[in-house]
A.B. asks: 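Structure in structure tokens, see below.
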2 protein chains.
Amino acid sequence: MSILTAAADVLRCFSSTRHDVTVTDLVTLLGMPKSNASRLLRAMRDEGLLETVGDSKRYRPALLLAQVGQLYRFAASLIDRADAVVGRVSDEIGHTGYISVRRGTEIIGVTAHPGRHALRVVTAIGDRIPAFASSTGRALLARLSDAEVRALYPEGFTAPSETAPRSMDDLLARLAETRRNGFAESHDEAVRGVRAISVGLGDPTTGDEVALCISFPAATVEPGERLSIIRSLAEGAAEIAALTQDKRFFPLNLTSSETAP
Amino acid sequence: MSILTAAADVLRCFSSTRHDVTVTDLVTLLGMPKSNASRLLRAMRDEGLLETVGDSKRYRPALLLAQVGQLYRFAASLIDRADAVVGRVSDEIGHTGYISVRRGTEIIGVTAHPGRHALRVVTAIGDRIPAFASSTGRALLARLSDAEVRALYPEGFTAPSETAPRSMDDLLARLAETRRNGFAESHDEAVRGVRAISVGLGDPTTGDEVALCISFPAATVEPGERLSIIRSLAEGAAEIAALTQDKRFFPLNLTSSETAP
DNA sequence: ACTTAAGTTCCATTTTTTGGAACTTTTTTG
DNA sequence: CAAAAAAGTTCCAAAAAATGGAACTTAAGT
């Protein structure tokens with residue numbers, strides 16, 4: 001067994017509740033002889049993978065790992081990662097998935113994964129739709145404060161469809177619901193007969209924000225399937241949010257959303 | 001030579017301009033036989049240190065490193081606390097804030113808070129800049145004695161910009177000023193048109209030292225706003241310094257610094 | 001389809017790693 | 001403050017892994 005395995009195991013010992021390790025910690029956690037633990041920690045420090053805390057016998061990850069780890073974020077940009085999640089969910093359930101960004105009061109599709117079903121929702125990348133009247137838009141608007149949302153619409157807006165928000169108060173109520181539930185939903189808004197589930201997500205370091213969305217024909221999707229779409233999407237988004245340390249992410253709260261239409 | 005050395009060398013190949021590597025890259029960069037390069041990359045992937053990009057032959061840092069690297073930022077509670085202060089100040093005034101550490105004669109960004117202003121300073125986490133030619137660097141160098149600073153630069157240095165220190169004597173004079181004022185300032189040094197205010201801070205228990213910095217476009221910031229940035233930053237830093245019993249902390253002394261350019 | 005470049009596998013040799021035990025240092029405690 | 005216990009380090013020969021050159025396979029360019 002290569003020493004790389006042991007080194008990787010050491011890295012896996014670190015967690016939010018264990019910021020540093022000692023020789024004895026490794027003996028306990030990994031069951032290795034303490035002679036090995038001692039040498040391994042020293043070797044990893046000598047190579048710049050770990051550093052000692054002060055001049056104690058405690059070891060913690062070193063700057064090198066912070067730097068390389070940081071690159072991971074850019075190697076896989078927020079859009080890339082969000083796209084991977086949407087692609088996976090879309091593949092699983094066969095419905096169209098896409099991700100969008102907000103520019104002012106408009107939502108713009110960035111990537112799309114067409115579904116496999118005969119009756120499928122087709123979205124054009126680059127198309128602009130009003131933010132307040134779409135699930136993707138509301139998923140992103142929900143990340144703003146009510147005051148910021150009001151500021152975006154100084155003149156108010158006109159609902160383009162029956163099920164779209166009718167007024168600013170209506171919109172704010174639906175954003176509150178979105179925050180509570182951890183996802184936004186639309187029905188017959190942009191396209192009649194189409195339902196969409198969206199989750200908003202951001203990377204505070206770069207300031208990017210995207211919405212992940214799965215869109216499907218309302219008629220053919222059972223309540224159970226809808227729930228599983230919501231779960232898959234929210235779960236994938238939550239993983240990314242944890243990575244980017246997105247503090248404005250709203251986690252899934254299914255108890256309140258079970259009551260949705 | 002342990003394979004750990006090679007693995008660490010591979011990690012050091014990554015940078016903000018090289019997000020992934022191939023077998024040939026390693027052969028070129030590290031001068032190793034390609035048989036080794038091939039096996040090493042595969043081994044590192046198998047251990048979860050690297051991952052392949054798509055199904056290509058390109059390797060990039062894996063999630064594990066992102067996670068462990070993330071921990072580094074808060075393993076040192078000093079960084080955690082300093083980050084909180086910079087985050088608060090950055091939020092208040094809308095300009096970019098970040099914290100950095102010194103490794104030898106280089107300064108490395110550890111965390112960043114992008115500003116809200118349209119014209120904002122963007123700093124890449126993990127990038128290295130020379131210590132003597134930045135406000136963060138001088139805030140940290142000011143914590144050393146003149147003799148220690150001289151020892152760091154046995155061969156002297158070359159000023160990379162007009163406003164950077166021109167000589168060792170120049171640098172030492174500016175460090176003395178930094179100690180007197182309680183903060184360091186730069187103008188047009190790393191980036192033209194950018195001004196930065198930095199305060200150094202340490203934790204004698206762990207030996208960690210960090211610089212808190214707020215960076216902003218010189219043109220858009222009034223003298224009064226500059227003073228209020230200095231005050232906020234110095235105040236937050238002073239609180240932490242009191243907590244860690246940092247004896248090398250230089251408190252704010254605005255009477256002397258009012259005369260700064 | 002051919003040529004070249006890139007990557008992988010093979011193998012005997014060299015080097016590192018392993019784990020138990022003895023040893024040293026640090027911490028705890030009576 | 002000294003003895004005891006715990007934690008950490010060093011030593012050694014056996015076992016395992018790494019090395020690098022060459023042959024081989026796969027992918028890319030013409």
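The sequence lines fix the lettering, A, B, ..., with proteins before strands; numbering per chain opens at 1.
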A.B. asks: Whole angstrom is fine here: how far is it from NZ in A:Lys57 over to P in D:dA6?
C.D. replies: 18 Å

A.B. asks: List in chain and number order the residues that pass side-chain contact (heavy atoms from CB on, under 4.5 Å) with A:Thr28, two or more places apart in sequence or in another chain; answer none if no residue qualifies.
C.D. replies: none

A.B. asks: List, with names and distances, any nitrogen or oxygen atoms from the protein found under 3.5 Å away from nitrogen or oxygen atoms belonging to nucleotides 13-16 of chain C.
C.D. replies:
unit_1	atom_1	unit_2	atom_2	d
C:dT16	OP1	B:Met1	N	2.0

A.B. asks: Could you list the residues that satisfy side-chain hydrogen bond (donor to acceptor under 3.5 Å, both in side chains) with A:Thr244, not counting sequence neighbours?
C.D. replies: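 Here no residue qualifies.
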
A.B. asks: Sequence neighbours left out, cut at 3.5 Å: what donor-acceptor pairs do the side chains of residues 33-42 of chain A make with other protein atoms?
C.D. replies:
unit_1	atom_1	unit_2	atom_2	d
A:Asn36	OD1	A:Arg39	NH2	2.6
A:Arg39	NE	A:Ser35	O	3.4

A.B. asks: What integer distance in Å separates B:Arg58:CZ from D:dA28:P?
C.D. replies: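 Those two atoms, CZ and P, are 12 Å apart.
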
A.B. asks: Going by ring-ring contact (aromatic ring centres under 6.0 Å, His included), name the pairs with one or both residues in residues 133-159 of chain B, residues two or more places apart or in two chains.
C.D. replies: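 Passing the test, one end in residues 133-159 of chain B: B:Phe132-B:Tyr153, B:Phe132-B:Phe157, B:Tyr153-B:Phe157.
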
A.B. asks: State, yes or no, whether a side-chain contact exists between A:Val68 and A:Leu65 at a heavy-atom distance under 4.5 Å.
C.D. replies: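 With C-beta onward as the side chain, the pair stays apart.
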
A.B. asks: A:Ala242: which residues meet the side-chain contact (heavy atoms from CB on, under 4.5 Å) condition with it, sequence neighbours left out?
C.D. replies: none

A.B. asks: Counting Watson-Crick and G-U wobble pairs only, both distances under 3.5 Å, name the nucleotide matched with C:dG30, or none.
C.D. replies: D:dC1

A.B. asks: Apply side-chain contact (heavy atoms from CB on, under 4.5 Å) to B:Ala238 and list each qualifying residue two or more places apart in sequence or on a separate chain.
C.D. replies: B:Phe249

A.B. asks: Figure out the CZ/C1' separation between B:Arg42 and D:dT25, and round it to whole Å.
C.D. replies: 13 Å

A.B. asks: Table please: side-chain donor-acceptor pairs of residues 3-12 of chain B below 3.5 Å, with sequence neighbours left out.
C.D. replies:
unit_1	atom_1	unit_2	atom_2	d
B:Thr5	OG1	A:Glu47	OE2	2.6
B:Thr5	OG1	B:Ser2	O	3.3
B:Arg12	NH2	A:Glu47	O	2.8

A.B. asks: Just how far, in rounded Å, is C1' of D:dT10 from CG of A:Leu41?
C.D. replies: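 Going from A:Leu41 (CG) to D:dT10 (C1'), I get 16 Å.
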
A.B. asks: Using a heavy-atom distance cut-off of less than 4.0 Å, which residues of residues 21-40 of chain A contact DNA chain C?
C.D. replies: A:Pro33, A:Ser35, A:Asn36, A:Arg39

